[in-house]
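Chain A is the first sequence line, chain B the second, and so forth, proteins listed ahead of strands; every chain is numbered from 1.
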2 protein chains.
Amino acid sequence: MHEPDPETVAQEVFATLADPTRRAILAALSAGGPATATDLAAQLPITRQAVTKHLTLLAEAGLVVAEPGERRRIRYRLDSGPMKVAQQFLAALARDWDSPLAALQDRLG
Amino acid sequence: MHEPDPETVAQEVFATLADPTRRAILAALSAGGPATATDLAAQLPITRQAVTKHLTLLAEAGLVVAEPGERRRIRYRLDSGPMKVAQQFLAALARDWDSPLAALQDRLG
DNA sequence: TCCTATTGCAACCATCTGATTGCTATCCAA
DNA sequence: TTGGATAGCAATCAGATGGTTGCAATAGGA
């Protein structure tokens, strides 16, 4: 279940980060700390249900972690792990593009 | 025209890199050097027209550059510039998430 | 107990997206 | 001049995506 393939992790990170609403949710969590879907919906121009859908996608990508709390409330916390994987993926790609020899070595190795 | 906003550049890079077919096109260009849409279509399981659409998106994101050659043939070459911008964007995000103080400083400064 | 706040789930809808087919135009070589 | 290879453009289509409304369930306070 640990999604070991960096490209798969990176792809999910790219797909989730490509949406402005999702980035806004992440920005709100970064600015205000862990929050529930209802809290986030109050700060954004979309409904709670839409926020929940985005949080589900973000959780699948590993960018947020759901933390069950008291009174059936679920708070979401940021996790930078997958983003660091994606960042390394981008760095490796840029290196390959700038150096055909490095790309060849990567494909062989 | 220089798209100075890093977040805008990063968003376009994320959107284009989220698609597997587009990554396959980039991988083919990385492995075989600059190529035309027709060349790429021969290596991929999609039509030339589909490749052209993807190349147009990639060119808008700045990840490939169109190079007009002889006999009306247009070759596409990789450019890692926008990917480096996106990588820096991811690095800054990860830093903010791991350090609320850094995030606050970024918002203020 | 009853009311309010919160959550989860399903149906629905409009738009975007990735891809196709079909046609036209151009270039070069036979 | 005829034909083959290449490129561009438009219409079309199925499925994914982002968002909404509506409803049922549950938990806590008045």
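- For B/Ala41, the side-chain contact (heavy atoms from CB on, under 4.5 Å) test picks out B/Arg48, B/Val51, with sequence neighbours left out.
- Scanning for salt bridge (charged side-chain N to carboxylate O under 4.0 Å, His left out) contacts around A/Lys53 gives an empty result, with sequence neighbours left out.
- Atom CG of B/Leu58 is separated from atom C1' of C/dT17 by 14 Å (rounded to the nearest Å).
- For A/Thr36, the side chain to side chain donor-acceptor pair (under 3.5 Å) partners two or more places apart in sequence, or in a different chain, are A/Asp39.
- Among residues two or more places apart in sequence or in another chain, the side-chain contact (heavy atoms from CB on, under 4.5 Å) test is passed with A/Gln43 by A/Ala28, A/Leu40.
- Only A/Asp19, A/Thr21, A/Arg22, listed by number, bring a heavy atom of residues 17-24 of chain A to less than 4.0 angstrom from any atom of DNA chain D.
- A/Gln11 places its CD atom 14 Å from the C1' atom of D/dA16, with the value rounded to the nearest Å.
- Checked against side-chain contact (heavy atoms from CB on, under 4.5 Å), B/Asp96 has the following partners two or more places apart in sequence or in another chain: A/Ser30, B/Ala102, B/Ala103, B/Asp106.
- For residues 15-37 of chain A, the salt bridge (charged side-chain N to carboxylate O under 4.0 Å, His left out) pairs, not counting sequence neighbours, are A/Arg23-B/Glu7.
- Pairs engaging residues 38-59 of chain A under the ring pair (Phe, Tyr, Trp, His ring centres under 6.0 Å) rule: none recorded [sequence neighbours left out].
- Using a 4.5 Å heavy-atom threshold, the side chains of B/Trp97 and A/Leu63 count as touching.
- In this structure A/Ala59 satisfies the side-chain contact (heavy atoms from CB on, under 4.5 Å) test together with A/Val64, sequence neighbours excluded.
- Near DNA chain D, defined here as any heavy-atom distance below 4.0 Å, the residues from residues 43-55 of chain B are B/Arg48, B/Gln49, B/Lys53, listed numerically.
- With sequence neighbours excluded, the residues satisfying ring pair (Phe, Tyr, Trp, His ring centres under 6.0 Å) with A/Phe14 are B/Phe14.
- Atom P of nucleotide C/dT26 and atom CD1 of B/Ile74 are separated by 15 Å, given to the nearest angstrom.
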Atom pairs, N/O to N/O, protein against nucleotides 24-29 of chain D, distance under 3.5 Å?
unit_1 : atom_1 : unit_2  : atom_2 : d
D/dA27 : OP1    : A/Arg72 : NH2    : 3.0

